[in-house]
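Notes for the one structure printed next.
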Amino acid sequence: MDAMAQDRPLVTRFAPSPTGFLHIGGARTALFNWLYARHFGGTFRLRIEDTDRERSKPEAIDALLQGLSWLGLDWDGDVVFQFARAARHAEIAHQLLAQGKAYYCYATPDELEEMRNQQKAEGKPQRYDGRWRDRAPDDSRRNVRPAIRIKCPQTGDTLIEDRVQGDVRFRNDVLDDFIILRSDGTPTYMLSVVVDDFDMGVTHVIRGDDHLTNAARQRQIIDAMGWPVPVYAHLPMLHGPDGAKLSKRHGAQGIHEFEGMGYLPEAMRNYLLRLGWSHGDDELISTEQAIQWFDLDAVQKSPARLDYKKLDFVNGHYIREADDARLAELVIAHRQSKGEPTATDHQRQMLIAGMKGLKERAKTIIELADSAAYVFASRPLPLDEKARLVLTPQAQTANTAIAMSISNVEWKAGKLEEVVRAFAATHGLRLGDVAQPIRAALTGKTTSPPIFDVMEILGKEETLLRLNSSPKSNN
RNA sequence: GCGCCCUUCGUCUAUCGGUUAGGACUCAAGAUUUUCAAUCUUGCAAGAGGGGUUCGAUUCCCCUAGGGCGCGCCA
């Protein structure tokens, strides 16, 4: 069955509805499609399924495109807009009608609802009963505009050979004749998907497993048209940390929210990849490596939950790997988004110089920005609670003495450390005893990158001023 | 109700009939250390339940339970 599909150049696609933002689950679906295409040198297409005019929003299209771009998932060719292709979809419906593979159904929505209610009351499966299946077009119903339903086989079964789910068999008698063209002449999703996939040359349909049963329906249209059957791969869904379906209740759902929380796109790619896909014991997998390794065989069948702790770990790894200047810009952008003024050139330079020590300690850009605050702070420094406790009057006296002792030292971290160590030794103190007050005075916190590096980055003048300036109060 | 899918440590997962069931995150302890991280070491922790098949089942089959999805003139 895959044979026909495999004769054609490999094409995957991501086909979201523009109803909001790029959902985290959708992002993973897009990632898998993208990786599969890139791995096999195929094409990754993007299609916007905007046939539901009520729910489609133009802003949502931008959000989708932006989300994908941010994630680094570049698509090939033009974006296809499904609604624009409605005439083509209708054409296929009429073709099927002409071939006797579809038929007009004059049942009104009210009649259908009544039918379903009755089925429900009788405990029978709810599906279209085929009441117009074998009737000739009815002139007596000229006041009713008919919909077009596809005529599905009623015996035998439909097999979906899914690369993730395995062989899934549906008895044809549980499938009903569904509508492919509405009475207003617009196509339904079932039809549009199949026609677009065919016209776009899609060979591999990789999507959420909420579409698994749809595949059996779509297969009816494909068979009726005699089109090649794509390879299917239905991915398990993503759940919230509590195992329930992902919803507003879980906080972040949109990819843009993860960006706002300070996650890096490469970290998201790695983390999302490992949700449902594995390569032995490998955890930290670069995108290049993922492209080399990715295939559908290693996709898990069961749903996965989002785990922020693990995401943080992965993000921390990529922050440490990231370029200092890039991180500096992300920190500055984050500060600006919070209403802080832009960085001066000098601050930017200090930030980059200090990034090596900073990025080792952060799991998100927010944490990074937080610990980088000392670069931007002005005197007197705001102290956090712990720093305030450290900076006792005695500690300040010591800081003043230290400031004195280093005021003529060559301004290099190594030299400064030598002198301060000697200072501590002559006073019978451990380095830690003097380092913490210095840290508090220089950064306003009790945790920071190595303190002599901080001195070097801050520069002599600023360091001495911070050591000597006394915070307003030291209760 | 009908159909389909899923079920290994708290979480993500490895295992493709024979393992002391492995790794990662988290958590705990230790090493290192000027703080915090990073790193390293160690530890806690799992095959939903019940039947089969088999010399042997986490692995294959069936049932039950639990979870998910679909059953629209929504996508």
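Every chain is numbered from 1, with letters handed out A, B, ... down the list of sequences. What you see is a predicted model; the values in this text were computed from it and never measured.
In terms of phosphate contacts, K301(A) brings a side-chain nitrogen or oxygen within less than 4.0 Å of OP1 or OP2 of C6(B). The side chain of R116(A) contributes no N or O atom lying less than 4.0 Å from OP1 or OP2 of C71(B). Phosphate proximity of A14(B) to Q300(A): present, with a side-chain N or O under 4.0 Å from OP1 or OP2. In terms of phosphate contacts, R149(A) brings a side-chain nitrogen or oxygen within less than 4.0 Å of OP1 or OP2 of C73(B).
If you measure from atom CE of M237(A) to atom C1' of G70(B), you get 12 Å, rounded to the nearest angstrom. One can place NZ of K57(A) at 14 Å from C1' of A75(B), the figure rounded to the nearest angstrom. Atom OH of Y128(A) and atom C1' of G3(B) are 21 Å apart (whole Å). The separation between R305(A) atom CZ and U7(B) atom C1' is 11 Å, rounded to whole Å. Between the P atom of C12(B) and the NE2 atom of H317(A) lies a distance of 22 Å, rounded to the nearest Å. The distance from atom CZ of R171(A) to atom C1' of C71(B) is 14 Å, rounded to the nearest whole Å.
Applying the salt bridge (charged side-chain N to carboxylate O under 4.0 Å, His left out) test to D176(A) and every residue at least two apart in sequence or in another chain returns R217(A). Applying the ring pair (Phe, Tyr, Trp, His ring centres under 6.0 Å) rule to Y318(A) yields no partners; only residues at least two apart in sequence or on another chain are considered. Applying the salt bridge (charged side-chain N to carboxylate O under 4.0 Å, His left out) rule to D177(A) yields the partners R133(A); only residues at least two apart in sequence or on another chain are considered. Taking the salt bridge (charged side-chain N to carboxylate O under 4.0 Å, His left out) definition, one finds that K310(A) meets it with E283(A), sequence neighbours left out. Every residue two or more places apart in sequence or in another chain was checked for a salt bridge (charged side-chain N to carboxylate O under 4.0 Å, His left out) with D282(A), and none qualifies. Contacts of H334(A) classified as ring pair (Phe, Tyr, Trp, His ring centres under 6.0 Å), with partners at least two apart in sequence or in another chain: none. A search for ring pair (Phe, Tyr, Trp, His ring centres under 6.0 Å) contacts involving Y271(A) returns nothing, not counting sequence neighbours. Judged as a side chain to side chain contact (heavy atoms under 4.5 Å, CB included), and not counting sequence neighbours, the contacts of K460(A) are W411(A), L464(A).
Remark: G18(B) base-pairs with C55(B). Criterion, Watson-Crick or G-U wobble with two distances under 3.5 Å. In this structure, G1(B) and C71(B) make a Watson-Crick or G-U wobble pair, each of the two defining distances being under 3.5 angstrom. Under the Watson-Crick or G-U wobble criterion, with both distances below 3.5 Å, G43(B) is paired with C27(B). Remark: U34(B) base-pairs with no nucleotide in the shown strands. Criterion, Watson-Crick or G-U wobble with two distances under 3.5 Å.
Spacing of P atoms, G67(B) relative to A31(B), comes out at 47 Å, to the nearest Å. For A45(B) and C9(B), the C1' atoms lie 5 Å apart once the distance is rounded to whole Å. Between G22(B) and C63(B), the distance separating the two C1' atoms is 31 Å to the nearest Å. If you take atom C1' in A24(B) and the same atom in C44(B), they sit 16 Å apart, rounded to whole Å. For the P atoms, the distance from A21(B) to U59(B) is 15 Å, rounded to whole Å. Comparing U39(B) with U20(B), their P atoms are spaced 31 Å from each other, to the whole Å. The gap from the C1' atom of U8(B) to that of G49(B) amounts to 15 Å, rounded to the nearest Å.
Within residues 184-197 of chain A, the residues approaching RNA chain B are T188(A), Y189(A), M190(A), by heavy-atom distance under 4.0 Å. Within residues 278-287 of chain A, the residues that have a heavy atom under 4.0 Å from RNA chain B are, in order of number, S278(A), D281(A), E283(A).
Residue K356(A) qualifies as open at atom NZ: its count of foreign heavy atoms under 6.0 Å is 12 or below. For E59(A), the CD atom sits in a packed shell: over 12 heavy atoms of surrounding residues, nucleotides or ligands are nearer than 6.0 Å.
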How does protein contact run along nucleotides 33-42 of chain B, one letter per nucleotide 5' to 3', with B for base contact, S for sugar-phosphate only, - for none, heavy atoms under 4.0 Å?
-BBBBSS---
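The ring-ring contact (aromatic ring centres under 6.0 Å, His included) pairs that include a residue from residues 421-455 of chain A are F423(A)-H427(A), where partners are two or more places apart or lie in different chains.
The shortest distance between side-chain heavy atoms of Y374(A) and K445(A) does not fall below 4.5 Å.
Salt-bridge check for E266(A) with R326(A): passed, with a basic side-chain N closer than 4.0 Å to an acidic carboxylate O.
When the nearest nucleotides of RNA chain B are assigned to I179(A) and G276(A) by heavy-atom distance, the more 5′-ward of the two goes with G276(A).
N214(A) comes within 4.0 angstrom of a base, heavy atoms only.
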